[in-house]
Amino acid sequence: MIKATPFDYPYDGRLVAENTALVVIDLQQDFLSTAGYFARKGYDPSPLRAILPAVNRLIGAARAAGVTVIHTRQGYRADMADMTSYEKWRRKRAGLDGTDVLLRSGQGFQIVPEIDVGPHDIIVDKTCNSAFTYTDFELVLRARGITHLMFSGCTTDVCVHTTLREACDRNFQCLTISDACASGDQRAHEAALHMVTVEDGVFGVLADSRAVIDGLSRLGDRRGTLGD
């Protein structure tokens with residue numbers, strides 16, 4: 001089990017690599033670069049960049065344990081055919097008209113090179129804050145028999161939390177990794193982490209990367225023993 005708050009993960013003590021995924025949300029240039037969407041909105045991307053080493057350690061531990069790694073990317077079609085009038089209005093209001101920011105055709109759509117994206121990792125592209133909305137994310141999870149999700153990425157209060165909440169409603173067992181998530185608003189980040197634990201874990205549990213890596217390493221040891 002993984003040491004977590006308000007209870008250890010998973011609740012029944014049955015952590016199985018084949019049924020578990022590490023979800024790495026939206027670690028893209030548009031959110032982490034100094035010229036991307038996030039910076040254009042006046043936010044400092046440095047807290048988001050600060051989590052990259054922890055995320056990479058988690059990715060390495062997940063792979064070693066046989067846990068699926070899933071990355072998400074947020075952005076619209078290049079022709080903006082999937083963008084509503086309201087979303088176009090917000091885009092114009094943000095000063096993004098005439099740019100490729102938050103478009104899949106732009107360089108900013110790509111995951112930052114510092115993140116270790118492996119050939120067997122799964123990438124889910126989305127237009128909304130939730131990875132479940134208008135995507136094949138849930139189909140992929142169900143097809144692979146994944147029932148347990150561990151969340152990292154950005155931003156804690158928006159895309160991470162929105163996906164987390166929908167995952168809980170779909171009865172996935174969820175863990176949020178506190179030092180592998182980040183936001184440009186520290187108060188929002190802290191509030192989002194706190195909300196995971198209210199009502200005795202209404203949105204699952206909270207753990208730091210060290211506890212998660214420790215738990216995954218024991219899974220990897222067991223997997224190695226079974227393979228001998």
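This structure is a prediction, so every number in the text was calculated from the model and none was measured. These values consider heavy atoms only, across backbone and side chains, with no hydrogens, waters or symmetry-generated copies.
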Linking I/L/V/M/F/W/Y whenever any side-chain heavy atoms sit under 4.5 Å apart, do [X] and [Y] land together?
| X | Y | value |
| --- | --- | --- |
| Ile177 | Met195 | no |
| Leu27 | Ile213 | yes |
| Met1 | Leu175 | no |
| Val24 | Phe38 | yes |
| Ile59 | Met150 | yes |

Side chain proximity check, [X] to [Y], heavy atoms < 4.5 angstrom:
| X | Y | result |
| --- | --- | --- |
| Leu103 | Phe109 | no |
| Cys154 | Ile25 | no |
| Met80 | Arg91 | yes |
| Leu22 | Thr68 | no |
| Gln28 | Ser33 | no |
| Arg73 | Val124 | no |
| Thr156 | Leu193 | yes |
| Leu58 | Val212 | yes |

For [X], look at atom [atom1] and say whether over 12 heavy atoms of other residues, nucleotides or ligands are found less than 6.0 Å away.
| X | atom1 | result |
| --- | --- | --- |
| Lys88 | NZ | yes |
| Arg90 | CZ | no |
| Phe7 | CZ | yes |
| Arg142 | CZ | yes |

Taking it one step at a time, do Leu216 and Val67 satisfy side chain to side chain contact (heavy atoms under 4.5 Å, CB included)? CA-CA 8 Å; Leu216 292 177; Val67 166; 3.9 Å; yes
In short, salt bridge (Lys or Arg N to Asp or Glu O under 4.0 Å) pairs touching residues 101-116 with sequence neighbours left out are Arg49-Glu114, Arg63-Asp116
Side chains of Thr127 and Asp82 only: does a donor on one sit below 3.5 Å from an acceptor on the other? no
Donor + acceptor pair across side chains of Asp26, Thr72 (<3.5 Å): yes
Is the backbone N or O of [Y] less than 3.5 Å from a side-chain atom of [X], with the two atoms forming a donor-acceptor pair by type?
| X | Y | result |
| --- | --- | --- |
| Glu166 | Thr163 | no |
| Asp185 | Ala188 | yes |
| Tyr76 | Lys126 | no |

Pair Arg14 + Asp12: basic N to acidic O under 4.0 Å: yes
Determine, for Asp214 against Arg218, whether the closest basic-nitrogen to carboxylate-oxygen distance falls under 4.0 angstrom. yes
Which residue in the set [options] passes side chain to side chain contact (heavy atoms under 4.5 Å, CB included) when paired with [X]?
| X | options | value |
| --- | --- | --- |
| Leu219 | Thr20, Leu15, Val16 | Leu15 |
| Cys174 | Leu164, Leu206, Val23 | Leu164 |
| Asp121 | Ile111, Val69, Ile70 | Val69 |
| Ser183 | Asp157, Val158, Val160 | Asp157 |

Interatomic distance, [X] atom [atom1] to [Y] atom [atom2] [nearest 0.5 angstrom]:
| X | Y | atom1 | atom2 | result |
| --- | --- | --- | --- | --- |
| Gln173 | Cys168 | CD | SG | 8.0 Å |
| Leu96 | Tyr37 | CG | OH | 7.0 Å |
| Thr162 | Asn129 | OG1 | CG | 4.5 Å |
| Arg57 | Ser152 | CZ | OG | 12.0 Å |

Take the angle between the ring planes of Phe172 and Phe132 and call it parallel below 30°, perpendicular above 60°, tilted in between. tilted
Is the distance between the ring centroids of Phe203 and His161 under 6.0 Å? yes
Pair Ser178-Asp208, side-chain hydrogen bond (donor to acceptor under 3.5 Å, both in side chains): steps then yes or no: CA-CA 5 Å; Ser178 58; Asp208 62 22; 5.6 Å; no
Closest heavy-atom pair, Gly201 versus Pro6, reported as atoms and distance to 0.1 Å, is N-CG, 3.5 Å
side-chain hydrogen bond (donor to acceptor under 3.5 Å, both in side chains) between Asp100 and Ser105, worked out: CA-CA 7 Å; Asp100 60 10; Ser105 55; 5.6 Å; no
Run the numbers on Thr155 and Phe31 for side chain to side chain contact (heavy atoms under 4.5 Å, CB included), then give the verdict. CA-CA 9 Å; Thr155 59; Phe31 300 111; 5.8 Å; no
